[in-house]
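Note: hydrogens, waters and symmetry copies are ignored here, and every other heavy atom, side chains too, is used.
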Amino acid sequence: QRNAEAKSQLYGELVRRGQFLSHPHTRKNWRAELTVASSLLDRDTYGDWLAAGAKTAAERAQEEVAGRLARTAVPPLPPETEAALIGPSGETQSLISCVVNNKGRAAGRSGLGAVMGSKRLKAVAVNGNMQAPLADRDKTRALRRQYLADLSEGGVTLRDYGTGGFMAGSAMSGDGPIKNWGGAGPTDFPNAKAISDDALIAEQEKKYGCWNCPVACGGEMKQKPGRARMSHKPEYETLCMCGALSLDDDLESIIRMNDLCNDYGLDTISLGSTLGFAVECCENGILTKEDVGGLDLKWGASDALVALTEKIGKREGIGNILADGVKVAAERIGQGSERYAVHAQGQELPAHDPKFNPGLAVTYRMDATPGRHTQAARDWILGYKHLAESPNKYDFSDTGEAQRKAYSFVHVVNAAGICLFGYIAYPAQCVPDTLTAVTGTTYTMEDCYKIGERIATLGTPSCCATGAV
């Protein structure tokens with residue numbers, strides 16, 4: 001009865017005295033891309049239309065768009081403008097997409113690119129010349145000189161090689177995952193040096209660093225065929241997850257995968273994990289060669305891994321199934337593939353095995369952003385001249401306090417905008433000392449622990465609300 005009344009009402013409004021283009025029912029239910037702007041409707045006679053140039057509706061629409069763009073042209077941004085932006089993967093809301101800045105540095109984890117994509121937000125661009133206010137400028141400068149003179153051994157490696165300087169040692173020690181978390185470096189990936197330290201630096205054109213950074217761990221790679229116009233040096237996480245995890249020891253292919261991730265806006269950690277998952281699915285007959293678009297996908301298949309990376313970036317074929325990470329891909333593929341999907345609550349694990357660093361098992365599972373290697377544990381990211389390593393990391397008695405201090409302090413480091421490498425490279429006391437000089441409020445180590453606890457606590461309700469914990 002209600003449907004009949006609605007139809008009768010529409011008939012009265014449209015047929016008797018209205019027109020359907022402007023009716024709310026049409027606007028609500030007609031696909032937006034089929035809407036015809038009234039200004040483009042041609043009411044001339046056929047002869048007049050021919051005399052006016054016989055332009056089709058499409059041609060008139062193109063002219064209208066060009067005119068509107070010309071009338072609303074935005075002046076170019078100043079050359080010093082910096083931007084954080086998403087690529088095609090963020091636009092298609094891939095759950096492993098990220099936000100990229102400086103053409104190759106990424107806020108990589110947790111699918112942040114998809115968040116921007118869902119808001120139809122392509123980029124955030126900023127520029128300015130305001131000097132950062134400092135409560136005590138002289139003290140801040142004095143502290144900088146004091147702490148820069150005390151560089152840790154890890155800081156030296158970061159300065160000379162970047163994070164890639166740790167690749168070979170990590171693979172051999174058991175820290176870095178091998179063969180989709182099922183292998184061991186000495187037996188399955190003995191050629192780890194081919195994608196580490198000296199081999200990496202041999203392909204580097206020049207170093208670069210973030211603004212005023214004394215370590216400058218980044219690098220731009222030499223220009224070679226197949227590489228991006230600005231090819232960034234792959235980080236340790238990229239080398240391990242896109243290399244060792246799929247037994248790929250061809251550095252050139254990893255550089256190319258890194259370039260593609262920067263272009264498409266993909267998290268290299270999640271991408272590498274997804275590649276390893278796909279290879280193991282193929283090795284165990286869950287995915288066929290036809291399923292993966294004819295690629296010969298197997299352990300160490302460099303060319304196939306690069307090609308699959310591009311498919312994931314484009315959401316093309318099997319790439320569309322894999323573009324949301326291993327958990328979602330396993331749900332789509334089924335057939336027992338979930339046993340090869342390594343993740344913490346849907347987030348692919350980074351290149352640090354909690355069997356080697358047991359405290360990370362707690363951090364990976366309990367942090368508000370799970371599977372996160374940029375958060376500390378009782379035996380991970382302890383800082384320089386700060387917390388002591390446990391004499392036996394596999395002794396789990398009385399570990400709560402060590403976990404609390406490490407975990408809480410790194411929350412403060414991250415919240416203050418301090419690079420974790422600075423915390424590793426220079427004495428940890430620089431954090432409360434510098435915060436005091438910059439803000440004019442006194443901070444101690446104990447203050448930092450308390451603030452870190454509060455930061456962690458603030459993240460918990462949202463996790464409870466979404467069922468993450």
Side-chain angles (χ1 to χ4, degrees), residues 143-144 146-161 163 165-177 214-215 217 236-237 240 349-367 369 371-436 442-457:
L143 286 170
R144 185 175 188 274
Q146 172 190 332
Y147 284 118
L148 284 182
D150 191 359
L151 182 65
S152 70
E153 183 179 342
V156 172
T157 300
L158 289 168
R159 181 194 64 197
D160 294 346
Y161 294 102
T163 57
F166 300 108
M167 176 60 230
S170 180
M172 294 302 109
S173 69
D175 174 40
V215 174
C217 65
Y236 160 75
E237 298 287 332
C240 188
L349 296 188
H352 302 283
D353 196 326
K355 296 191 297 294
F356 183 79
N357 296 295
L360 277 175
V362 177
T363 300
Y364 284 170
R365 178 63 181 82
M366 300 305 296
D367 191 73
T369 51
R372 179 181 173 195
H373 70 289
T374 52
Q375 183 48 269
R378 64 179 177 85
D379 45 21
W380 176 249
I381 313 183
L382 301 179
Y384 179 42
K385 294 185 177 179
H386 186 200
L387 301 172
E389 291 186 9
S390 170
N392 180 6
K393 62 185 178 182
Y394 298 108
D395 179 3
F396 296 95
S397 59
D398 299 322
T399 57
E401 182 64 7
Q403 179 80 12
R404 179 188 75 87
K405 286 186 173 181
Y407 184 79
S408 299
F409 198 85
V410 168
H411 265 307
V412 171
V413 171
N414 288 329
I418 300 171
C419 177
L420 274 178
F421 297 161
Y423 172 56
I424 295 169
Y426 297 102
Q429 185 62 44
C430 73
V431 175
D433 286 354
T434 305
L435 285 173
T436 299
T442 301
Y443 290 92
T444 66
M445 282 289 189
E446 288 299 325
D447 292 329
C448 290
Y449 298 143
K450 177 61 69 176
I451 293 168
E453 285 183 44
R454 291 171 175 168
I455 293 171
T457 301

**Request:** Evaluate whether atom CD of E401 has more than 12 neighbouring non-hydrogen atoms of other residues, nucleotides or ligands under 6.0 angstrom away.
**Result:** yes
**Item:** Donor-acceptor under 3.5 Å (T434 side chain, V431 main chain)
**Value:** no
**Prompt:** Is the closest side-chain heavy-atom distance between Y407 and D367 below 4.5 Å?
**Reply:** yes
**Item:** Close side-chain approach of S152 to Y426, heavy-atom, < 4.5 Å
**Value:** no
**Request:** Please examine the side chains of L360 and L349, heavy atoms only from C-beta on, and report whether any two atoms are closer than 4.5 Å.
**Result:** no
**Request:** Check step by step if salt bridge (charged side-chain N to carboxylate O under 4.0 Å, His left out) holds for K393 and D379.
**Result:** CA-CA 7 Å; K393 62 185 178 182; D379 45 21; over 6 Å; no
**Request:** State, yes or no, whether a side-chain contact exists between V412 and Y443 at a heavy-atom distance under 4.5 Å.
**Result:** no
**Prompt:** Does R378 reach the side chain of L387, with side-chain heavy atoms less than 4.5 Å apart?
**Reply:** no
**Test item: side-chain donor near acceptor, R372 and T369, under 3.5 Å** = yes
**Asked** Are the side chains of P432 and F409 in touch, meaning some heavy atoms are under 4.5 Å apart?
**Response** yes
**Request:** Classify the angle between the aromatic ring planes of H386 and Y449 as parallel (below 30°), tilted (30 to 60°) or perpendicular (above 60°).
**Result:** parallel
**Message:** So C240 and S170, do their side chains get closer than 4.5 Å, heavy atoms only?
**Reply:** no
**Request:** Start with the C-alpha gap between H352 and N357, add the side-chain angles, then the distance that decides, and say whether side chain to side chain donor-acceptor pair (under 3.5 Å) holds.
**Result:** CA-CA 7 Å; H352 302 283; N357 296 295; 5.0 Å; no
**Complete:** In I418, T374, I381, I424, the residue satisfying side-chain contact (heavy atoms from CB on, under 4.5 Å) with V413 is I418
**Message:** What I want to check is whether the side chains of T436 and D433 have a donor and an acceptor closer together than 3.5 Å.
**Reply:** no
**Request:** Any chance you could lay out the side chain to side chain donor-acceptor pair (under 3.5 Å) test for Y384 and D150, step after step, and finish with the verdict?
**Result:** CA-CA 10 Å; Y384 179 42; D150 191 359; 2.9 Å; yes
**Asked** For atom CD of Q146, is the number of surrounding heavy atoms from other residues, nucleotides or ligands below 6.0 Å larger than 12?
**Response** yes
**Any side-chain heavy-atom pair of Q429 and K385 under 4.5 Å** = no
**Prompt:** Should S397 and D395 be marked as a side chain to side chain donor-acceptor pair (under 3.5 Å) after you check the CA-CA gap, both sets of side-chain angles, and the distance that decides it?
**Reply:** CA-CA 6 Å; S397 59; D395 179 3; 2.8 Å; yes
